[in-house]
Amino acid sequence: MSETRTTDPVFPPGRYGRRRSGRRRSVLPLVVLIVVVAASLLLSVRLFQQFGRTDYEPQIVGWDEPSAAVLNIEFKVRVPAGQPAECVLRARDYDGFEVGRRTVVVRPTGNETTIDAKETVPTTARASVGDVLSCRPPA
C-alpha cells in the first residue's frame, strides 16, 4: 500500500484576496440587535398603555330599519362607573357606503359601568347595517 502525502495549497499572493484569520466576530451587531429589540418592546408597552384598552368599549347588539329614512341601532357601552359616553354611530347601505352618521351622548342610570342604549340614525337611503364606530368621554 502506498501512502500519498498532501500539502496545503499555495496560492499566488494577492490573487484570491486574503484568508480569514481565526479571530472572533465583533459583538457590536449583537449588542445593536439587543438594544433595538429592547427599545421596540418598551415602545410597544408604552403605546399599549396609552392607546390599547380603553375605558370606553362599545358593543353592537343589533339594528333594525323601520323605514328608508332611519336606522335604529341598539348597543352597549362599558364605561367608568357612572360616567357618560359620547358615541359615533354609522349607518351603511347594502354596498357598504355610509348613508348616515350621528354622534350621541348616552348616560348611565346611577353608578353603572354598562350603558344599554338604542338610538336612531337618520339616513339618506335605505340602510342595511348599523355600526358603533367609537365611544369616548364627552367633550
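Under a hydrophobic-cluster definition in which Ile, Leu, Val, Met, Phe, Trp and Tyr are linked whenever side-chain heavy atoms come within less than 4.5 Å, directly or via other members, I60 and V79 are assigned to the same cluster.
The main-chain N or O of A69 is found under 3.5 Å from a side-chain atom of T123 such that the two form a donor-acceptor pair. A side-chain donor-acceptor contact under 3.5 Å links W63 to the backbone of S128. In terms of modelled atom types and a separation under 3.5 Å, the side chain of T113 and the main chain of G82 share no donor-acceptor contact.
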Exercise answer: donor-acceptor pairs, residues 27-37 side-chain atoms, under 3.5 Å, sequence neighbours excluded:
none

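Rounding to the nearest 0.5 angstrom, the gap separating the CG atom in D64 from the CG atom in L71 is 7.0 Å.
In this structure, the side-chain hydrogen bond (donor to acceptor under 3.5 Å, both in side chains) partners of R136, at least two apart in sequence or on a different chain, are E86. With sequence neighbours excluded, no residue satisfies salt bridge (charged side-chain N to carboxylate O under 4.0 Å, His left out) with E74. The side-chain contact (heavy atoms from CB on, under 4.5 Å) search around S44 returns none, not counting sequence neighbours. In this structure, the side-chain contact (heavy atoms from CB on, under 4.5 Å) partners of V70, at least two apart in sequence or on a different chain, are P66, S67, T120. For T124, there are no side-chain hydrogen bond (donor to acceptor under 3.5 Å, both in side chains) partners at least two apart in sequence or on another chain. The side-chain contact (heavy atoms from CB on, under 4.5 Å) check on D116 picks up K76, T114, with sequence neighbours excluded. Annotation: salt bridge (charged side-chain N to carboxylate O under 4.0 Å, His left out) contacts of E112 (sequence neighbours excluded): none. For D131, the salt bridge (charged side-chain N to carboxylate O under 4.0 Å, His left out) partners two or more places apart in sequence, or in a different chain, are R90, R92. When the side-chain contact (heavy atoms from CB on, under 4.5 Å) test is applied to P80, the partners found at least two apart in sequence or on another chain are D55, Y56, Q83. R126 is linked by a salt bridge (charged side-chain N to carboxylate O under 4.0 Å, His left out) to E65, counting only residues two or more places apart in sequence or in another chain.
Contact between V88 and R101 at its shortest, heavy atoms only, is CG1-NH1, 3.8 Å.
Each of V104, V99, N72, L89 was checked for a side-chain contact (heavy atoms from CB on, under 4.5 Å) with V121, and the lone residue meeting it is L89.
Applying the disulfide bond (SG atoms under 2.5 Å apart) test to residues at least two apart or on different chains, the pairs with a partner in residues 109-139 are C87-C135.
Residues F75 and V106 have side chains in contact (heavy-atom distance under 4.5 Å, counting atoms from C-beta outward).
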